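Here the structure is laid out as structure tokens; the discussion comes afterwards.
Worth saying up front: this structure is predicted, and the values here are computed from it rather than measured. As a basis for the values below, the full set of heavy atoms in this structure was taken, side chains included, without hydrogen atoms, waters or symmetry mates.
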Amino acid sequence: MGLFHLHMGLNFLKVTFIILFKEISIAEPMASSPLLATSLPHNQLTTTATVTAGRYRLPPPEKLAVLIEKSKSVDELLQIHAAILRHNLLLHPRYPVLNLKLHRGYASHGKIRHALALFHQTIDPDLFIFTAAINTASVNGLHDQAFSLYIRLLSSEIAPNEFTFSSILKSCSTESGKAIHTHVLKLGLWMDPYVSTGLIDVYAKGGDVTSAQKMFDRMPERSLVSSTAMITCYVKQGNVEAARALFDRMCERDIVSWNVMIDGYAQHGFPSDALMLFQKLLADGTSKPDEITVVATLSACSQIGALETGRWIHVFIKNNRIRLNVKVSTALIDMYSKCGSLEEASLVFKETPRKDIVAWNAMIAGYAMHGYSQEALKLFDEMRFVTGLQPTDITFIGTLQACAHGGLVNEGVRLFESMGQEYGIKPKIEHYGCLISLLGRAGQLKRAYEIIKNMKIEADSVLWSSVLGSCKLHGDFVVGKEIAEYLIGQNITNSGIYVLLSNIYASAGDYEGVAKVRNLMKEKGIVKEPGISTIEIDNKVHEFRAGDREHMESKEIYTMLRKMSERIKSHGYVPNTNTVLQDLGEIEKEQSLQVHSERLAIAYGLICTKPGSPLKIFKNLRVCSDCHTVTKLISKITGRKIVMRDRNRFHHFTDGSCSCGDFW
DNA sequence: CATCTTCTAG
């Protein structure tokens with residue numbers, strides 16, 4: 001770099017310097033930074049950048065670089081930056097490191113514009129600052145900028161190195177990744193572990209397992225990190241078996257690899273495997289669980305309703321000094337609400353500082369799930385008016401669900417309309433689902449059906465089940481059959497829809513219709529999704545299917561079932577066999593109801609827990625109306641509170657009635 | 001003078 005360049009550079013610098021300082025008030029008292037106190041008098045620092053150089057001693061450049069790295073705030077960086085500028089050291093050809101360190105310093109404090117401004121004022125940027133700038137842009141999601149920097153680098157005839165590729169790959173789609181891949185090959189850098197891991201990651205993100213696998217197989221050395229990247233790739237594809245196989249083959253594991261595997265199970269429908277792996281992690285003892293581990297594990301607890309395990313993890317978090325950041329708190333709120341303990345959920349919520357929209361969403365959804373509609377809506381208002389946070393589409397799922405569960409038709413419709421009008425959020429199928437269930441529950445089935453017909457999005461099976469369920473509930477067989485006729489002509493694969501269709505025909509006394517649906521199911525090979533209920537006792541989750549005799553204490557359970565059956569009959573219970581799908585006689589139908597999975601779970605709970613203690617049951621499908629009636633009676637006879645989570649919501653049974661008000 | 005893998009709400 002010639003003298004002329006240096007000169008130009010410094011002139012340019014002064015301008016940039018002022019621009020930089022505009023963003024952060026320089027009038028802030030500089031005394032807050034003791035770092036430079038010995039060598040740099042504050043009063044001089046607080047004056048303008050035009051102070052002439054050399055009035056006080058500056059630490060040597062090597063020391064300055066260390067000071068930049070140690071800076072704990074942007075203020076400190078700005079002071080050092082100012083000092084360097086005043087001594088004309090920033091673009092000094094002998095100390096390019098200062099520019100680089102400042103760039104990284106600003107970037108690490110989230111001052112992306114400051115960091116990139118430093119790059120843009122650099123004359124003849126070298127590979128280091130180029131790579132640093134590309135990395136900064138990539139990490140912060142400025143992918144277009146990262147690419148234009150990369151292109152500028154190529155045209156400057158400096159060859160990118162492994163560091164550059166590792167940075168630019170973070171901005172790559174599969175398309176651009178392939179292009180970069182060719183550059184990597186051309187420059188012979190594919191053996192580098194960082195580059196190949198980056199490539200695996202790009203292919204993983206694009207769902208291209210084959211290319212990722214190829215990359216991985218050709219690596220000369222499979223590092224811990226690249227194996228973890230490959231596991232991530234399998235997991236993203238939903239192939240947990242392949243992921244686990246590789247995980248088991250690894251000779252060393254760190255907490256990240258454990259986390260990827262645990263979360264992989266939790267997010268792909270294997271929550272109990274996630275919990276088992278968490279146990280293994282603890283037993284293994286080589287890696288220490290962190291925030292991410294507990295978030296994944298709590299999510300697994302939420303899914304199977306493992307309240308005891310969830311509580312245990314809460315204690316574990318406290319005892320192991322795991323930081324209770326907003327994500328962990330939200331995972332706890334979600335776990336407690338989904339495991340039936342709204343009290344504990346709201347306790348965690350109250351104690352969460354700096355709640356973000358996700359935390360609010362989780363709590364609102366929690367109240368909605370449990371049928372506390374007013375509380376959910378109050379929370380929504382509090383969020384908007386007190387914190388000023390912007391609701392998201394998910395916020396509206398919570399509030400609309402609250403309205404649906406509370407039968408608040410007008411509020412719900414108004415909320416639905418305000419979504420687009422006030423917040424510019426386009427309703428998704430889930431929002432329509434809430435609206436339809438709201439109207440359905442209120443018996444406005446024609447209106448619901450009209451909305452479905454006029455929707456711009458195509459109705460899904462959730463929506464149809466919702467209307468059909470409401471038709472059944474309100475005995476509206478006119479609309480019900482109309483929808484049924486329409487749906488039978490469609491190519492539906494969702495088993496739940498067929499069950500409901502058959503229920504509707506059965507309730508309407510149309511046995512030809514029932515036969516038609518049953519034949520259709522046979523033709524298409526559609527099997528009813530099995531109902532599975534679980535109950536957690538002493539930290540162990542017990543699983544039951546209808547008619548199940550797998551359980552160790554099966555004999556006692558069936559004895560208890562018979563005993564309960566007699567007692568509820570003496571309380572005037574008459575079985576409602578309308579919903580039984582099989583072609584059976586009345587007695588057999590009654591028997592098939594008696595062994596529904598939720599009843600097995602309740603019976604087991606009655607055997608294993610102290611009289612009077614509450615029971616918590618979880619079911620993967622919606623609770624059937626007969627079981628709902630029976631559970632109400634059991635709560636009355638035994639004096640127990642029974643909390644039941646079904647696919648849709650929570651039911652709190654107390655003394656013969658249910659919090660859902662018999663609409664669900 | 002440096003680069004890679006994990007994160008909550010429906």
Checklist entry - Near DNA chain B, under 4.0 Å by heavy atom, which residues of residues 234-254 of chain A? => result none

Item to check | ring-ring contact (aromatic ring centres under 6.0 Å, His included) contacts in which one or both residues fall within residues 323-345 of chain A, not counting sequence neighbours | outcome: H314(A)-Y336(A)

Checklist entry - With a non-hydrogen cut-off below 4.0 angstrom, is T131(A) in contact with a base, only sugar-phosphate, or nothing? => result base

Item to check | Proximity of Y423(A) and F396(A) rings by center, below 6.0 Å | outcome: yes

Checklist entry - Under the ring pair (Phe, Tyr, Trp, His ring centres under 6.0 Å) test, which residues partner Y234(A), sequence neighbours left out? => result none

Next on the checklist: Using a heavy-atom cut-off of 4.0 Å across all strands, would you classify V358(A) as base, sugar-phosphate, or nothing?
Outcome noted: base

Item to check | ring pair (Phe, Tyr, Trp, His ring centres under 6.0 Å) involving F216(A) - partner list, sequence neighbours excluded | outcome: none

Checklist entry - How would you list all residue pairs meeting side-chain hydrogen bond (donor to acceptor under 3.5 Å, both in side chains) that involve residues 350-360 of chain A, not counting sequence neighbours? => result none

Item to check | Residues within residues 210-224 of chain A bordering DNA chain B, heavy-atom distance below 4.0 Å | outcome: none

Checklist entry - For K428(A), which contact category applies under a 4.0 Å heavy-atom criterion: base, sugar-phosphate, or nothing? => result base

Next on the checklist: By the 4.0 Å heavy-atom rule, please label N161(A) as base, sugar-phosphate, or nothing.
Outcome noted: base

Next on the checklist: Do R218(A) and W190(A) have side chains that approach each other closer than 4.5 Å (heavy atoms only, starting at C-beta)?
Outcome noted: yes

Checklist entry - Reckon K355(A) touches a base, only the sugar-phosphate, or nothing at all at heavy-atom distances under 4.0 Å? => result nothing

Next on the checklist: Under 4.0 Å, heavy atoms only, any strand: does V260(A) hit a base, just the sugar-phosphate, or nothing?
Outcome noted: sugar-phosphate

Checklist entry - Partners of H431(A) by ring pair (Phe, Tyr, Trp, His ring centres under 6.0 Å), sequence neighbours excluded? => result none

Item to check | Residue pairs, two or more places apart or on separate chains, that pass side-chain hydrogen bond (donor to acceptor under 3.5 Å, both in side chains) and touch residues 252-264 of chain A | outcome: D254(A)-S257(A), N259(A)-D290(A), N259(A)-T293(A), D263(A)-Q267(A)

Item to check | With sequence neighbours excluded, residues passing salt bridge (charged side-chain N to carboxylate O under 4.0 Å, His left out) with K236(A) | outcome: none

Item to check | Residue list, ring pair (Phe, Tyr, Trp, His ring centres under 6.0 Å) with F130(A), at least two apart or on another chain | outcome: F119(A)

Checklist outcome for this item: Contacted region of DNA chain B by chain A, from 5' end to 3' end of the hits, cut-off under 4.0 Å to heavy atoms, spans dC1(B) to dG10(B)

Checklist entry - Listed by chain and number, what are the side-chain hydrogen bond (donor to acceptor under 3.5 Å, both in side chains) partners of R647(A), not counting sequence neighbours? => result E529(A)

